[in-house]
Amino acid sequence: MLPARVRQLCELLGRLPGVGEKTAQRYALHLATGDAAAAQALGEALCALASTVGRCERCGNIAEADAQGLVCAVCRDSRRDGALLCVVARIQDLLSIERSGAYRGYYFVLGRLLSPLEGVTAGDLPLEALRARVRDPDRSVREVLVATPPSVDGEATALLLAQDLRPLGVIITRLASGVPHGGDLEFADPVTMGRAIAGRRGLE
Ligand SMILES: [Zn+2]
């Protein structure tokens with residue numbers, strides 16, 4: 001009963017995280033019948049995304065391409081401490097740590113956590129790229145702060161990373177407790193996150 005283009009839009013919107021069928025339909029109807037200029041601007045922004053924005057080729061953070069390539073704002077910031085590398089699961093976690101203002105090193109975004117229940121094994125994680133990043137002679141990384149969430153999968157991933165990186169002769173640390181157990185780092189408030197970073201401890 002809906003026009004084909006609106007049905008297609010519903011289908012595409014429904015693939016977004018947290019958007020169910022009803023919400024997708026509400027968005028699609030709003031876009032199709034509301035402010036045409038706003039809908040067009042949204043469409044243009046989405047088209048531009050595909051051609052200019054992607055994951056940073058050094059750390060996996062979100063980045064906008066230019067003549068230097070696809071390199072994020074953090075990796076471009078030469079005032080940061082190259083001895084510190086923070087490993088996070090997702091870009092949202094990186095943003096949460098940045099909001100705390102308590103960390104001045106660089107990052108590496110894994111993209112996912114080890115999850116035996118969901119069939120994600122060590123082979124699915126970018127461990128080779130992480131080792132290459134830690135060994136990068138231009139950076140001389142001395143400490144790797146493993147900032148995976150305090151959940152079962154986050155802890156399993158932290159242990160795997162510690163085993164994998166220990167032979168490289170770097171100090172491996174973990175966020176102090178304080179971030180709610182099982183909770184998402186994304187929702188940790190900046191003060192709590194700042195304390196968890198300042199109180200980080202060695203990972204055995
Ligand atoms: Zn980067």
Side-chain angles (χ1 to χ4, degrees), residues 16-17 45-115 120 122-151 153-154 157-158 160-175 179 184-190 192-194 196-198 200 203:
L16 296 173
L46 290 174
C47 286
L49 265 187
S51 56
T52 62
V53 177
R55 299 189 64 163
C56 173
E57 55 201 33
R58 293 185 198 163
C59 77
N61 185 16
I62 189 155
E64 187 161 12
D66 69 4
Q68 293 179 54
L70 199 53
V71 181
C72 76
V74 173
C75 288
R76 282 170 201 262
D77 182 356
S78 58
R79 293 163 305 174
R80 287 183 176 248
D81 184 356
L84 270 174
L85 185 71
C86 178
V87 181
V88 292
R90 307 175 310 155
I91 293 169
Q92 292 95 309
D93 303 334
L94 180 159
L95 296 175
S96 177
I97 292 172
E98 283 294 289
R99 271 197 300 277
S100 77
Y103 178 76
R104 291 296 301 160
Y106 293 94
Y107 293 92
F108 187 90
V109 184
L110 288 173
R112 61 203 309 185
L113 292 171
L114 203 59
S115 178
V120 182
D124 298 314
L125 300 181
L127 297 177
E128 186 56 51
L130 176 58
R131 284 194 293 269
R133 176 67 182 78
V134 171
R135 284 201 212 100
D136 184 346
D138 296 339
R139 302 290 178 126
S140 54
V141 172
R142 286 198 301 275
E143 178 183 340
V144 176
L145 167 57
V146 179
T148 51
S151 59
D153 291 350
T157 307
L160 171 74
L161 295 182
Q163 276 170 15
D164 202 63
L165 299 175
R166 197 167 288 127
L168 302 183
V170 286
I171 299 166
I172 300 158
T173 53
R174 183 98 176 91
L175 289 179
V179 181
D184 245 324
L185 297 186
E186 183 184 354
F187 301 114
D189 69 89
T192 304
M193 179 59 87
I197 294 167
R200 64 190 188 268
L203 189 62

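Counting from 1, the numbers follow the sequence of the chain as shown. Just so you know, ligand 1 is whichever comes first in the structure, and atom 1 is the first atom listed for that ligand.
With hydrogens and angles disregarded, a donor-acceptor distance shorter than 3.5 Å links the side chain of Arg200 to the backbone of Ile197. Under a 3.5 Å cut-off, the side chain of Arg133 and the backbone N or O of Cys59 do not form any donor-acceptor pair. Between the Thr157 side chain and the Asp153 main chain, a donor and an acceptor come within less than 3.5 Å of each other.
Closest approach of Asp124 and Arg112 over heavy atoms only: O-CD, 3.7 Å.
If you count the protein N, O or S atoms nearer to the Zn ion (ligand 1) than 2.8 Å, you get 4.
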Does the pair Asn61 and Tyr107 meet the rule for a side-chain contact (heavy atoms from CB on, under 4.5 Å), with working shown?
CA-CA 8 Å; Asn61 185 16; Tyr107 293 92; over 6 Å; no
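Around atom CZ of Arg142, no more than 12 heavy atoms belonging to other residues, nucleotides or ligands sit under 6.0 Å away.
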